[in-house]
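The sequence lines fix the lettering, A, B, ..., with proteins before strands; numbering per chain opens at 1. Being a predicted model, the structure only gives us computed values, none of them experimental.
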Amino acid sequence: MGIVPEYKPQAIEKKWQERWRAARAFEVTEDPARQKFYCLEMFAYPSGHAHVGHVRNYMIGDVVARLKRMRGFNVLHPFGWDAFGLPAENAAIKNGTHPETWTLENIAHMKGQLQRLGLSYAWEREIATCLPDYYKWNQWIFLKMLERDLAYRKRASVNWCPSCNTVLANEQVVDGACWRCGTPVVTRELEQWFFRITYYADELLSGMEQLGEWPDKVLTMQQNWVGRSEGARVRFTLETATTESSQRNAGADPDSDAIDAFTTRIDTIYGANFIVLAPEHPLVQRLAAESADPAGFRAKAQKLAAQDRTARMSGEVEKEGFDTGRRAINPFTKQPVPIWVANFVLGEYGTGAVMGVPGHDQRDFEFAKKYALPITVVVQPEGEKLSVETMTEAKPGAGRLVASGEFNGLAWEEANRKMTAAAEERGIGERTVQYRLKDWGVSRQRYWGTPIPVIHCPKDGMVPVPYDDLPVVLPKTAEFTGRGDSPLAHIAEFVNTTCPECGGPARRETDTMDTFVDSSWYFFRFCDPQNDALPFDPEKVGYWGPVDFYSGGVEHAILHLIYSRFFCRVFRDLGLTTLSEPFARLLTQGMVLKNGQVMSKSKGNVVDPDDMIRKYGVDALRLYVLFVAPPEKEIEWTDTGLEGSFRFLSRVWRLVDSLCETIGGEGIPSPDEVKLSDAERSLRRKTHDTIRRVTVDLDPRVHLNTAISAMMELVNELYAFCSRTECARSVTEAPEHIGAVDPPGTIAVLKEAVEALVRMLSPFAPHVTEELWERLGHKDGVTAAGWPAYDERVAKAEEIVVPVQVNGKLRARLTVAADTDEDRLRELALTDAQVRSYIEGREVKKVVVARGRLVSIVVG
RNA sequence: GCGAAAGUGGCGGAACUGGCAGACGCGCCGGACUUAGGAUCCGGUAGCCGAAAGGCUGUUGGGGGUUCGACUCCCCCCUUUCGCACCA
């Protein structure tokens with residue numbers, strides 16, 4: 001047999017990666033004459049080694065970036081490192097490696113891994129968030145937010161391990177205990193920094209209208225996260241209130257005699273038979289003091305508050321509470337109702353107090369049943385007759401009002417409007433909107449993060465670090481014991497400073513920022529990564545922004561993506577960008593499983609891309625990962641699947657390599673210039689149809705798997721075609737047969753097909769296609785060749801097969817010209833011998849003709 | 001409990017706006033070439049009949065419905081996955 005050319009990817013891949021690097025092939029600058037495309041994958045946490053699960057996302061983005069380049073866009077495709085964070089500090093505690101050393105070494109290793117994957121990144125724009133020239137701008141933004149009252153300080157609780165004497169992050173709390181020593185975690189109140197994201201709550205909701213190219217799932221999650229609900233705040237007054245004290249504002253003031261309750265169903269207020277306060281409600285302390293047994297009162301409240309915190313993590317908690325013995329006046333019925341304290345009311349939501357309407361709220365119903373509180377029906381559903389005696393659950397829905405005084409008979413929605421208005425008129429409440437979204441706590445009592453640029457002066461209080469003094473550099477010499485508070489607090493040279501206002505001795509803030517701050521704006525920095533005057537040049541972001549295609553895991557559906565939307569608006573309001581939304585299109589990629597489980601080091605089921613590259617080459621790895629399922633779906637790793645992709649590339653290799661002398665030379669006619677045989681026309685049709693399919697599969701949809709399968713079909717067709725022509729010999733037999741007596745038509749259509757194939761395949765398998773493109777005699781790279789065009793008319797079949805159904809069953813197939821009209825199709829179907837045997841002697845009741853698709857005949 | 005998405009051969013998955021279900025790949029079976037084949041090429045792969053062309057029957061988690069026609073639309077149920085879990 002002949003010499004079968006063997007596909008050996010390793011040398012080819014090395015060669016092209018070096019060429020790309022030497023040519024700075026993926027570096028870009030702004031070019032107003034060209035349309036830009038910003039393609040971004042979520043940057044990486046440098047954990048040490050990238051496994052196949054991590055790199056799938058980069059492969060998806062790389063196909064999009066390479067495709068867009070071929071289609072003539074000026075493509076920005078950068079990469080960087082989310083380099084601050086707890087694991088680096090944990091590594092320091094464990095083996096004494098400095099977090100910076102650990103991080104930078106990991107980055108170096110992972111960068112090498114990614115480079116071997118042939119990802120077309122503009123590496124000159126690489127960012128690492130742990131470097132001062134990046135985190136300086138975190139500090140700059142922090143100061144800007146401070147100026148605009150978007151950053152502020154308040155007391156908030158943190159997890160605290162009393163044994164290690166340290167603050168714990170949520171993920172360091174395992175089953176309510178410290179992850180290191182197992183001591184039960186307690187909560188502790190600390191002064192902490194917050195970003196006022198709630199300022200943009202409404203905008204974060206309304207802005208979603210611009211996010212038509214985001215998955216609905218993510219939008220829904222964000223919607224729930226912001227959790228807007230419209231309702232009213234209604235004022236209940238303590239029964240013993242004096243006129244004067246009841247006029248003070250309710251809420252934070254414990255001396256007020258008013259209890260504000262938030263409700264979305266003010267229409268049920270005539271059924272509000274009790275008031276429930278959260279254990280943390282400010283009034284609770286006062287009621288305790290005024291009670292007969294203050295100590296016992298406080299103990300009960302304390303118990304509810306504590307139980308609340310731990311139990312809520314695990315699920316269902318039994319409703320529990322106690323009567324304060326005091327009463328408040330229902331402002332609509334003017335009747336006194338008891339005031340309770342209970343665990344099911346959240347202190348941090350709304351006003352921390354609710355009106356208990358057991359007839360129409362399931363939680364209140366359960367509570368009322370347990371403590372034998374009265375239940376009243378005030379909304380009767382249409383066509384039902386609710387009675388308190390027979391009710392087994394609350395009736396929260398629609399209906400007309402009863403037992404509600406002047407509002408009786410109104411439909412509930414109308415009642416809701418009228419009663420809200422009435423409350424406002426009478427000065428006992430007002431329309432209001434509540435959000436579940438809370439302000440973003442950014443303080444971390446940790447070392448490996450951005451120092452918060454603030455100084456505490458005994459004389460001047462909290463003083464921002466002047467802009468000129470930025471960055472506040474993270475000191476290198478810290479001790480990592482895992483005990484005590486932030487390591488920064490123990491570095492005298494860092495902590496002790498002078499006040500920028502008075503020049504006197506002062507202390508630096510020792511908290512660092514949440515790493516989500518870093519990732520909330522890095523996509524802007526990529527547009528201008530070296531800028532040392534501003535976070536970025538507005539003009540550059542004006543050109544590149546927004547990110548046109550952003551891909552990453554769903555686990556970032558809420559936090560990262562909502563914080564980024566928040567930051568984008570902050571930058572907009574600072575005048576640095578005109579954008580409100582940073583990401584035009586979002587793709588959430590599925591995870592890679594092995595043995596049915598997510599790949600992870602701890603499970604010991606990771607697949608190292610380098611191992612696969614050594615065996616099959618990068619191109620086969622990329623192709624496999626992209627072929628096995630759509631990008632959004634999770635995939636199950638199989639070695640045999642990867643072998644299949646390698647086999648496919650080998651087939652392409654043999655095909656092209658053995659044909660390249662025949663079709664690679666000069667002076668080969670275009671298929672338009674020569675007369676084609678039926679077989680040649682048919683191959684040409686397949687070529688154009690494949691280009692059409694792959695083109696629409698890739699853009700705007702990102703159906704990478706079906707695009708690949710279309711190319712596989714073309715390759716199968718090419719093999720079949722070659723086996724029927726002289727060219728065939730070259731594919732499977734000795735080279736001396738190459739081009740023996742092939743007619744010009746054959747060579748022309750083969751050239752067209754092969755070149756289209758190599759070009760279409762190049763975003764997926766960039767190395768092997770570059771090599772083949774070169775062997776086909778092209779000087780410029782395959783990217784420069786551009787995306788192949790197709791001719792709709794050529795792609796269309798000349799003849800089509802139209803199925804004929806009789807009473808819904810397939811009975812015949814008609815082979816007709818593609819442009820056969822409906823009447824003709826009907827006639828052909830009804831006269832077809834096969835069909836006639838089914839309709840003979842029966843009445844034809846109906847004939848439906850779907851042109852080009854099918855004929856359906858109904859007989860009686 | 002609430003909400004969303006999904007359920008298709010032995011497996012991963014195709015099927016555009018309702019129009020030949022199972023493209024493509026894996027696996028498996030057979031043939032060719034071979035000293036050999038775990039390489040490569042060709043063919044087969046829901047069941048039954050047929051040497052073949054082709055034919056018959058069944059079929060997209062289960063049950064109903066709309067339609068000439070349903071993987072696709074509607075209703076009920078089952079299962080899985082993912083979000084939210086007292087948000088008043």
Which part of the nucleic acid does [X] contact within heavy-atom distance under 4.0 Å: base, sugar-phosphate only, or nothing?
X      : value
A/N716 : sugar-phosphate
A/V357 : nothing
A/E636 : nothing
A/G350 : nothing
A/T220 : nothing
A/K438 : nothing
A/D364 : nothing
A/S229 : sugar-phosphate
A/R811 : sugar-phosphate
A/K845 : nothing
A/V848 : base

Nearest to the [X] side chain among [options], which nucleotide is it?
X      : options                : value
A/Y838 : B/rC24, B/rC56, B/rC68 : B/rC56
A/L854 : B/rC41, B/rC20, B/rC86 : B/rC20
A/R651 : B/rG13, B/rC42, B/rG55 : B/rC42
A/T706 : B/rA14, B/rG55, B/rA88 : B/rA14
A/R647 : B/rC86, B/rA39, B/rC24 : B/rA39
A/F627 : B/rG58, B/rC86, B/rC24 : B/rC24
A/K319 : B/rC84, B/rA14, B/rC86 : B/rC86
A/S709 : B/rA23, B/rA15, B/rC86 : B/rA23

Less than 3.5 Å between a donor and an acceptor, one on the side chain of [X] and one on the base of [N], is that the case here?
X      : N      : value
A/T640 : B/rC26 : no
A/R853 : B/rC20 : no
A/K217 : B/rC82 : no

Using atom [atom1] in both nucleotides, what's the gap between [N] and [M] to the nearest angstrom?
N      : M      : atom1 : result
B/rG25 : B/rA39 : P     : 16 Å
B/rG18 : B/rU72 : C1'   : 6 Å
B/rG43 : B/rA52 : C1'   : 15 Å
B/rA23 : B/rG9  : C1'   : 14 Å
B/rG13 : B/rC20 : P     : 23 Å
B/rA15 : B/rU60 : C1'   : 11 Å
B/rA46 : B/rA21 : C1'   : 12 Å
B/rA70 : B/rU59 : C1'   : 13 Å

Could you tell me whether [X] and [Y] have a side-chain N and a carboxylate O separated by less than 4.0 Å?
X      : Y      : answer
A/D821 : A/R824 : no
A/R685 : A/E799 : no
A/K369 : A/E366 : no
A/D832 : A/R836 : no

Atom [atom1] of [X] to atom [atom2] of [N]: distance rounded to whole Å?
X      : N      : atom1 : atom2 : value
A/L219 : B/rG83 : CG    : C1'   : 14 Å
A/E366 : B/rC86 : CD    : C1'   : 9 Å
A/E717 : B/rC42 : CD    : C1'   : 15 Å
A/I800 : B/rG19 : CD1   : P     : 15 Å
A/L704 : B/rC24 : CG    : P     : 19 Å

Taking a pair as Watson-Crick or G-U wobble with both distances under 3.5 Å, which nucleotide is matched to [N]?
N      : answer
B/rA4  : B/rU81
B/rA21 : none
B/rA46 : B/rU57
B/rU40 : B/rA32

| said: Does B/rG37 count as syn, meaning its glycosidic angle lies within 90° of 0, or as anti? | reply: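 Anti conformation for B/rG37.
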Distance test, side-chain N/O of [X] to OP1/OP2 of [N], below 4.0 Å:
X      : N      : answer
A/K633 : B/rG13 : yes
A/R693 : B/rC16 : no
A/R654 : B/rC41 : yes
A/Y624 : B/rG25 : no
A/N705 : B/rA14 : yes

| field | Passing candidate, side-chain contact (heavy atoms from CB on, under 4.5 Å) with A/T268, options A/L401, A/T376, A/V357, A/V377 | value | A/V357
| Which heavy-atom pair separates A/L655 from A/S658 by the least distance, and what is that distance? | O-OG, 3.2 Å
| Hey, does the side chain of A/N416 reach the backbone of A/T264 with a donor-acceptor pair shorter than 3.5 angstrom? |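 Checked: pair present.
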| query | Is there a donor-acceptor pair under 3.5 Å between the side chain of A/T706 and the backbone N or O of A/H703? | reply |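 Answer holds: yes.
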| request: State whether the number of non-hydrogen atoms from other residues, nucleotides or ligands found under 6.0 Å of A/M391 atom CE is greater than 12. | output: yes
| field | A/S645 or A/K846, whichever maps to the more 5' nucleotide of RNA chain B | value |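 The residue closer to the strand's 5' end, by nearest nucleotide, is A/S645.
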| 5′-ward residue of the pair A/N807/A/P630 relative to RNA chain B | A/P630
| request: Evaluate the criterion salt bridge (Lys or Arg N to Asp or Glu O under 4.0 Å) for residue pair A/E320 and A/K303; output intermediate values, then yes/no. | output: CA-CA 10 Å; A/E320 218 178 298; A/K303 199 185 142 221; 3.5 Å; yes
